[in-house]
S.K.: 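Before anything else, here's the structure in question.
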Amino acid sequence: MSFYSFSFAIFLLISLFVYYIVPKRFQWLILLAANTVFYAFSGIGNFIFILASSLITFFGAKIVSDMNATLKSKKSELSKDDFKTEKARTQTKKRIVLLVMLALNLGILIYLKYWRILIGAKTLLLPLGISYYTLSTIGYFMDIYNSKYARETNFLKYFVFVSFFPQLILGPIVRYNQSGIQLRQEHKFNFENIKHGFMLILYGSLKKYLVADLLVKHVSTIFDGVYTNYPGCVLVMGILMYAVYQYADFSGGTDLVLGIAELFGITLPQNFKQPYFSTSLANFWQRWHITLGGWMRDYIFYPFALTKPMQSLSKWCTAHLGKHFGRTLPACIANIIVFMLVGLWHGPELHFFIWGLYNGLIIALSDIFRPAFEKLNENLHINTKSKAWHIFQIVRTFIIVNIGWYFDKIVDVPKAFAYLRNTFTHFGNPLMLASKDFMNQILGNISDFQSHIVLITLGSMIIFVISVLKENKIDVYGEIQKKNIIVRWGAYYILLTLVILSLSFNSGDTGFMYAQY
């Protein structure tokens, strides 16, 4: 069931109405029913997979939780040596449960998402949101495994957390101690939540339907065709459009998800924090797809970096290469592995792996050579606290990110390298972009692009201004609420008018880019 449909609007309104009129202790059951209906629209067969993932992690967490409780109860009964032996035995059993859980849960994902690449089989239909709910369920299991909080004892309430319908399409990747607790709580009707939720939905719709959906056709025309000899000026225009498209599509979809959740009184974690104002590539990934980065940090990066081999490597590097290498090299290796996995999370294709490797290597090298960069800045007398340096860092990071987008967008790896080569060695004359005949040759029909560009530019300017304000710690929504009724409703109607206007130019629902992952 698409967000961009009349059926979803009716479904949402009915769900909200029933949610707030039933006794509050039954609200979680209404969400359970809504989740089930929503997921059933993606295919009843797919329901088996999300149910299987939930059952595997729920009962796996129950087993390790019982082991933890049993061990804790024996602490006062056993001698220190006996307790140490019992703890080691329990840890071995827990690891067996962990391996079985990972084999089963990841096995489903690998079979459905990667099997066609491994054996050359035809594409298998991916169940809705499998890449998102698989990580959420594994995260829940790992938190119980590490005794971070008490496990959920009611499977149906746990299943509400796993299958919460707004987040199924494109995340965010949630933690049980963040949203799972909220989903089982009682929620009073709060008009402020409703109003703020609708504003998020409206702003997300502006990003998605006014900017992303009007850009996607033109981006595909440049990058998805068979022609590979475009001059660099065309490719730079295309990759900049892709950068805007991808951000508007993903962050706009996330705003829609957060807004819909807030209608039910549920606060989901933010997934974006003005990423194109980042001052380094590492900073960019702390601001883009925040929940995926947080998941990888907590469940892959730290566990790997803190393994005995990595700790031994750290000690060896400290002794032979100095403290800086001892501190950074294990982290660099962990970062490269994490980003390769992030690339593979997007898909099994080679271009995603290269894109992940590119990001991991850039971050690793920047960490390794940080002292050299700092020394160079000192020798050149660069004021790293100045506004000019801050702007330089933003521009530099933006360029580095966009180089990576070549491998993210272009499926054919040789073609991606050819386009990247042309960008630097065959740039051409940018004035060609002002030629109607030349643009017709590139885009097929320049009139379509011209009719879209005004709306795209206007929408992008609104997004940019709001991003600048948020980057400067200004609560845009809060500031609007302080204004008089004319200003407030003027802001609402401007957004609403632009969204409605954009829909008249759209040929239909293009879906969400990150829903395919």
Side-chain angles (χ1 to χ4, degrees), residues 64 68 71 80 83-85 87-99 101-103 106 135 138-139 141-148 173 175 278-345 352-379 384 393 396-397 400-401 404:
V64 297
N68 289 336
L71 180 65
K80 187 175 180 179
F83 179 75
K84 187 176 181 180
T85 302
K87 185 178 180 180
R89 186 181 297 116
T90 300
Q91 191 63 30
T92 300
K93 293 178 181 177
K94 285 174 59 180
R95 284 172 180 159
I96 293 173
V97 177
L98 170 63
L99 292 174
M101 184 279 301
L102 289 175
L106 289 177
L135 296 191
I138 290 175
F141 175 88
M142 294 306 302
D143 288 346
I144 303 303
Y145 182 91
N146 293 315
S147 302
K148 287 189 175 180
I173 299 168
R175 311 288 182 93
S278 303
T279 55
S280 68
L281 190 58
N283 184 229
F284 178 84
W285 289 112
Q286 293 165 355
R287 292 165 170 252
W288 179 288
H289 209 340
I290 296 170
T291 56
L292 176 62
W295 194 96
M296 289 288 177
R297 178 196 65 222
D298 293 344
Y299 303 116
I300 302 293
F301 178 86
Y302 283 128
F304 178 81
L306 296 175
T307 58
K308 288 183 179 179
M310 287 296 101
Q311 292 300 299
S312 298
L313 176 63
S314 176
K315 291 178 181 178
W316 186 91
C317 289
T318 300
H320 295 83
L321 302 174
K323 290 183 179 180
H324 173 70
F325 275 92
R327 185 177 66 253
T328 60
L329 196 57
C332 289
I333 295 172
N335 258 323
I336 292 171
I337 291 173
V338 162
F339 275 97
M340 287 192 296
L341 290 175
V342 168
L344 291 175
W345 177 87
F352 282 131
F353 179 81
I354 293 175
W355 170 77
L357 181 61
Y358 165 82
N359 282 277
L361 285 173
I362 293 292
I363 292 174
L365 291 172
S366 67
D367 285 341
I368 289 173
F369 291 107
R370 187 182 304 277
F373 294 144
E374 291 174 350
K375 187 67 175 177
L376 179 63
N377 291 339
E378 183 182 338
N379 291 337
T384 56
Q393 288 180 300
R396 177 194 61 190
T397 302
I400 292 171
V401 168

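Computed from a predicted model, the values in this text were never measured in an experiment.
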S.K.: Taking only residues two or more places apart in sequence or in another chain, which ones pass salt bridge (charged side-chain N to carboxylate O under 4.0 Å, His left out) with Lys323?
M.R.: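 In terms of salt bridge (charged side-chain N to carboxylate O under 4.0 Å, His left out), with neighbours along the sequence ignored, Lys323 is linked to no residue.
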S.K.: Checking Arg297 now: which residues fulfil salt bridge (charged side-chain N to carboxylate O under 4.0 Å, His left out) with it, not counting sequence neighbours?
M.R.: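 Listed in chain order: nothing, the list is empty.
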S.K.: For Asp298, which residues count as a side-chain hydrogen bond (donor to acceptor under 3.5 Å, both in side chains) partner, sequence neighbours excluded?
M.R.: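 In terms of side-chain hydrogen bond (donor to acceptor under 3.5 Å, both in side chains), with neighbours along the sequence ignored, Asp298 is linked to Arg175.
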S.K.: Is there side-chain contact between Val342 and Trp295, with heavy atoms separated by less than 4.5 Å?
M.R.: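 In short, these two side chains do not touch, never coming nearer than 4.5 Å.
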S.K.: Output the distance between atom CG (Leu106) and atom CE (Met101), rounded to the nearest 0.5 Å.
M.R.: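 So the gap between those two atoms works out to 7.0 Å.
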S.K.: How close do Phe352 and Gly343 get, counting heavy atoms only, and between which atoms?
M.R.: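 The pair with the smallest heavy-atom distance is CB-O, 3.2 Å.
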S.K.: Could you tell me which residues satisfy side chain to side chain contact (heavy atoms under 4.5 Å, CB included) with Leu344, sequence neighbours excluded, listed by chain and number?
M.R.: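 For Leu344, the residues satisfying side chain to side chain contact (heavy atoms under 4.5 Å, CB included) (neighbours in sequence not counted) are Phe353.
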S.K.: So, using side chain to side chain contact (heavy atoms under 4.5 Å, CB included) as the criterion, who are the partners of Leu365 when residues are at least two apart?
M.R.: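 Partners of Leu365 under the side chain to side chain contact (heavy atoms under 4.5 Å, CB included) test: Phe369.
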S.K.: How long is the span from the CE atom in Met142 to the CG atom in Leu98, to the nearest 0.5 Å?
M.R.: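 Going from CE on Met142 over to CG on Leu98, the span is 5.0 Å.
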S.K.: Return each pair, listed once, that meets salt bridge (Lys or Arg N to Asp or Glu O under 4.0 Å) where at least one residue sits in residues 361-377; pairs must be two or more places apart or across chains.
M.R.: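 Salt bridge (Lys or Arg N to Asp or Glu O under 4.0 Å) check on residues 361-377 returns Asp367-Arg370.
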S.K.: Side chains of Leu292 and Leu135: closer than 4.5 Å at any heavy-atom pair?
M.R.: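 Yes; the side chains approach each other to less than 4.5 Å.
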S.K.: Is there a side-chain contact between Thr397 and Asn283, using heavy atoms and a 4.5 Å cut-off?
M.R.: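 A side-chain contact under 4.5 Å is absent here.
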S.K.: Indicate every side-chain donor-acceptor pair of residues 354-362 with a distance under 3.5 Å to a residue at least two apart or in another chain.
M.R.:
residue	atom	partner	partner atom	Å
Tyr358	OH	Ile400	O	2.7
Asn359	OD1	Trp285	NE1	3.0
Asn359	ND2	Trp355	O	2.8

S.K.: Mind checking side chain to side chain contact (heavy atoms under 4.5 Å, CB included) for Arg95 and listing every partner two or more places apart, or none if nothing turns up?
M.R.: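 Applying side chain to side chain contact (heavy atoms under 4.5 Å, CB included) to Arg95 gives Gln91, Tyr145.
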S.K.: Report yes if the side chains of Ile363 and Phe339 come closer than 4.5 Å at any heavy-atom pair, otherwise no.
M.R.: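 Yes, close enough: below the 4.5 Å cut-off.
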S.K.: Is any side-chain heavy atom of Phe301 closer than 4.5 Å to one of Ile337?
M.R.: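 No. Closest side-chain heavy atoms not under 4.5 Å.
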S.K.: Output side-chain donor-acceptor pairs under 3.5 Å for residues 304-317, partner residues at least two apart or in another chain, one line each.
M.R.:
residue	atom	partner	partner atom	Å
Thr307	OG1	Phe304	O	2.8
Gln311	NE2	Ala305	O	3.0
Ser312	OG	Lys308	O	2.9
Ser314	OG	Gly326	O	2.6
Trp316	NE1	His320	ND1	3.4

S.K.: According to salt bridge (charged side-chain N to carboxylate O under 4.0 Å, His left out), who are the partners of Arg89, at least two apart in sequence or on a separate chain?
M.R.: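 With neighbours one apart ignored, the set is Glu86.
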S.K.: Working to the nearest 0.5 angstrom, can you tell me the gap between Arg396 CZ and Thr279 OG1?
M.R.: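 With rounding to 0.5 Å, CZ (Arg396) is 7.5 Å from OG1 (Thr279).
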S.K.: Determine whether Lys84 and Lys87 make a side-chain contact, defined as any pair of heavy atoms from C-beta on separated by less than 4.5 Å.
M.R.: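 Contact flag for Lys84/Lys87 side chains = no.
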S.K.: Could you tell me which residues satisfy side-chain hydrogen bond (donor to acceptor under 3.5 Å, both in side chains) with Asn68, sequence neighbours excluded, listed by chain and number?
M.R.: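 For Asn68, the residues satisfying side-chain hydrogen bond (donor to acceptor under 3.5 Å, both in side chains) (neighbours in sequence not counted) are Lys94, Ser147.
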S.K.: Atom CD1 of Ile173 and atom CE of Met296: how far apart are they, to the nearest 0.5 Å?
M.R.: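 The CE atom of Met296 is 7.5 Å from CD1 of Ile173, to the nearest 0.5 Å.
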S.K.: Which pairs with one or both residues in residues 284-296 pass salt bridge (Lys or Arg N to Asp or Glu O under 4.0 Å), sequence neighbours excluded?
M.R.: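 Found Arg287-Glu471.
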S.K.: Start with the C-alpha gap between Phe141 and Val64, add the side-chain angles, then the distance that decides, and say whether side-chain contact (heavy atoms from CB on, under 4.5 Å) holds.
M.R.: CA-CA 9 Å; Phe141 175 88; Val64 297; 4.0 Å; yes
S.K.: Do Leu281 and Ser366 come within less than 4.5 Å of each other through their side chains, counting heavy atoms only?
M.R.: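 Result no, sub-4.5 Å side-chain heavy-atom pair not found.
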